[in-house]
Amino acid sequence: MLASVSRSHPQGVGVQLYRRALDGSGRSMPHSEAEGDDLQRLVDWYQGAKRDLPWRRTDDPYRIWLSETMLQQTRVETVIPYYHAFLSRFPTVGDLAAAAPDEVAKLWQGLGYYARARNLHRAAQQVVSKFGGVIPSNPEDFSSLPGVGPYTAGAVLSIAFGQPTPAVDGNVLRVMARFLGIADPVRQPAVKRRIEAVLQAWLEQDNPRVVTQAVMELGATVCVPTRPDCGACPLLAGCAARAAGRQTELPVKSPKPRKQKVRVLALWCEADGQLLVQRRPAEGLLAGMWQLPAIEMPVASAEQGLAAAGPPAPRDDCAVAELLAVLSGRTRQPDRAEVESNGWLVELAVARHVFTHLEWEVHVLRPVAWTGHPDQPVPETFQWVAMADLPQLVWPRVYERLLEQLLRPFTAVRASAHLP
DNA sequence: AAACCGGGGGC
DNA sequence: GCCCCAGGTTT
């Protein structure tokens, strides 16, 4: 198929595309002929250069689907141990469908973007209930599953089922933006559509299982964000960005907004070998995960440049007093003496944690005068838990670290010792 | 279209 | 410190 494609325009077309894109002058011209050899070289390169990854050793759609889900916004090295642990516990989609939600969450602990796990679990149940336990191989059905967006659908359908469905992830976006010389912001849907169209043409000319992975592999190992190794690139001949010497300037991305800083005041309430913990709301940040009883106080934007860190302020004492009142089942506001009394909070630890869109500074405080006890009732969402049982709960990374620090020499909080 | 949703590794 | 990673969902 590809061998018959002519080799008429070694590099001219790519340069032209780059200039046109820079001028913002609209549609690209067809580029099938000049890229035929590029595609062939890409495929040949992949066969010899591909990394030996666990999900490349199987044809099982379930395993490939799991890998694509775990790999969303997550590095290969991070995923590998989770991938093995997950499959060890849930070898088939049916096993996953039959699992308890908390057990699925526990195996995802530390991986981030926890909605992925909830969606995958629900999707597995739908595979059983709607598709007889067989992962659907047609785009409409597979894309209907929760957590399956355009990328995941394209990736699984092409890699596991050999269909010519393009999968555009961050790697592919970068490779194609450079190869085609696209100077428009890659966020724009029009850019993604154009890249999908070119990629689909490639998929229809060669084995989709190979082409999809080849482009991604190129972006992951050669056409990397900084210092791309153009000398080793199979697409060098047709690359518009390289021809213009501007490969490091692409892709063009829009600037990100500043992170909101949040001061988190978390309480260490321990009594009778038990610890008071709190379950986060079922929706939103870190949904349904466990933490120390805490209040989150957004730091005013004016203060962000100043001492966002630092010792608890008077306002913090007041907020903690209110939380302690709630824990004690009292409805009245804490009195002046409680709030103003000195030295009633001992700071046991501080941890900073950065999310995509905000930043936490967690202070773990021990209210030395508080007399709460496991025998007394606590409001909903709070719970006394034996120290030894803490590892069974699902913790956000920052609390995992804090607990490990504060519980030493107690047992670890991780699900499995071999995870990072 | 923009905001929300984790965590980590490389520089 | 900044970037960005085999993205999806919600508003």
Side-chain angles (χ1 to χ4, degrees), chain A residues 50-51 53-56 63-83 105 108-120 122-123 143-160 166-176 185-192 199 211-221 223-228 248 251-260 280-289 305 351-360 394-401 419-420:
Chain A
K50 65 180 179 185
R51 293 168 292 175
L53 302 175
W55 41 91
R56 286 183 178 158
R63 293 181 176 235
I64 292 168
W65 178 19
L66 173 67
S67 75
E68 292 299 342
T69 303
M70 286 186 162
L71 286 163
Q72 289 168 14
Q73 298 297 105
T74 310
R75 289 190 151 72
V76 165
E77 316 83 68
T78 303
V79 164
I80 289 176
Y82 283 89
Y83 174 82
W108 213 274
Q109 175 179 306
L111 200 53
Y113 284 139
Y114 300 99
R116 293 183 293 176
R118 295 193 298 273
N119 287 332
L120 185 65
R122 286 198 299 141
S143 298
S144 75
L145 297 169
V148 177
Y151 167 75
T152 305
V156 173
L157 291 172
S158 63
I159 297 172
V168 178
D169 67 351
N171 284 321
V172 176
L173 213 54
R174 183 175 56 255
V175 169
M176 300 303 277
V186 290
R187 289 282 203 188
Q188 294 180 4
V191 170
K192 195 187 170 195
L199 195 55
V211 174
T212 290
Q213 298 188 76
V215 182
M216 291 193 289
E217 187 75 356
L218 187 66
T221 63
C223 193
V224 292
T226 59
R227 296 171 176 273
T248 58
V252 175
K253 301 201 167 182
S254 49
K256 299 179 304 184
R258 263 183 73 176
K259 288 177 170 48
Q260 166 74 46
R280 295 182 59 85
E283 296 182 346
L285 183 67
L286 304 168
M289 301 179 83
R352 187 178 300 275
H353 192 73
V354 180
F355 299 90
T356 303
H357 57 296
L358 55 84
E359 186 173 333
W360 273 6
V394 184
W395 299 91
R397 198 63 132 183
V398 62
Y399 281 102
E400 193 184 341
R401 294 195 210 284
L419 291 178

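Residue numbering restarts at 1 for every chain, and letters A, B, ... go by the order of the sequence lines. Because the structure is a prediction, the values reported are computed rather than measured.
- When each of C/dA6, C/dC4, B/dC5 is scored by its nearest atom to the side-chain atoms of A/H357, the top-ranked nucleotide is B/dC5.
- Counting non-hydrogen atoms under 4.0 angstrom, A/T212 reaches nothing in the nucleic acid.
- For A/K256, taking side-chain heavy atoms from C-beta onward, the closest of the listed nucleotides C/dC3, B/dG8, B/dC5 is C/dC3.
- Closest to the side chain of A/K253, out of B/dG6, C/dC5, C/dT9, is C/dC5.
- Between the CZ atom of A/R56 and the P atom of C/dA6 there is a distance of 11 Å, rounded to whole Å.
- By the neighbour-count criterion of 12 heavy atoms within 6.0 Å, atom CD of A/E283 is sparsely surrounded, having that number or fewer from other residues, nucleotides or ligands.
- For A/R116 and C/dG8, the CZ to C1' distance is 10 Å, given to the nearest whole Å.
- Residue-level contact check: A/V148 touches the backbone only, with heavy atoms under 4.0 Å from sugar-phosphate atoms and none from bases.
- Contacts of A/L173 with the nucleic acid, taken as non-hydrogen atoms under 4.0 Å apart, are absent.
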Candidate pair A/W108 and A/Y82, rule side-chain contact (heavy atoms from CB on, under 4.5 Å), full reasoning: CA-CA 7 Å; A/W108 213 274; A/Y82 283 89; 5.9 Å; no
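- Taking atom NZ of residue A/K192 and atom P of nucleotide B/dA1, one finds them 12 Å apart after rounding to whole Å.
- Within 4.0 Å (heavy atoms only), A/P257 reaches no atom of the nucleic acid at all.
- When distances run from any side-chain atom of A/E217 to the nucleotides B/dG6, C/dG7, C/dA6, the shortest one goes to C/dA6.
- In this structure, A/R401 reaches the B/dG8 phosphate: one of its side-chain N or O atoms is under 4.0 Å from OP1 or OP2.
- Base contact: A/Y113 has a heavy atom under 4.0 Å from a base atom.
- Considering only the side chain of A/L285, B/dC5 comes nearest among C/dA6, B/dC5, B/dG7.
- The base of B/dG6 sits within donor-acceptor range of the side chain of A/T356, with an N or O pair under 3.5 Å.
- When only modelled atom types and interatomic distance are considered, A/Y151 and A/Q72 share no side-chain donor-acceptor pair under 3.5 Å.
- Rounding to whole angstrom units, CG of residue A/D169 and P of C/dC5 are separated by 8 Å.
- In this model, the phosphate group of B/dG7 is approached by a side-chain N or O of A/H353 to a distance below 4.0 Å at OP1 or OP2.
- Atom CZ in A/R258 sits roughly 15 Å away from atom P in B/dA3 (whole-Å rounding).
- Just one residue in the list A/R51, A/K50, A/R56 forms a side-chain hydrogen bond (donor to acceptor under 3.5 Å, both in side chains) with A/Q213, and that residue is A/R56.
- Closest non-hydrogen pair, A/S254 versus A/R187, comes out as OG-CG, 4.0 Å.
- Mapping A/G284 and A/P189 onto DNA chain B by nearest heavy atom places A/P189 at the nucleotide closer to the 5' end.
- Contact annotation: A/T152 reaches the phosphate of C/dG8 (side-chain N/O to OP1 or OP2, under 4.0 Å).
- Residue contacts for A/L286: at a heavy-atom cut-off of 4.0 Å it reaches the sugar-phosphate backbone alone, with no base atom in range.
- Of the listed nucleotides (C/dA6, C/dT9, B/dG7), C/dA6 has the atom at the smallest distance from the side chain of A/M216.
- Nucleotides C/dT9 and B/dG8 are separated by 24 Å at their P atoms, to the nearest Å.
- A/Y399 places its OH atom 16 Å from the C1' atom of B/dG7, with the value rounded to the nearest Å.
- Of the side-chain N and O atoms in A/R174, one or more sit less than 4.0 angstrom from OP1 or OP2 of C/dC5.
- Ring centers of A/H353 and A/F355: under 6.0 Å apart, within the cut-off.
- Here A/W108 lies out of heavy-atom contact (under 4.0 Å) with every strand.
- Residue A/Q73 places at least one side-chain N or O closer than 4.0 Å to OP1 or OP2 of C/dG7.
- Out of B/dG8, B/dC5, C/dT9, the shortest distance to the side chain of A/N119 is found at C/dT9.
- The nearest whole Å value for the distance from the NZ atom in A/K259 to the P atom in B/dC5 is 13 Å.
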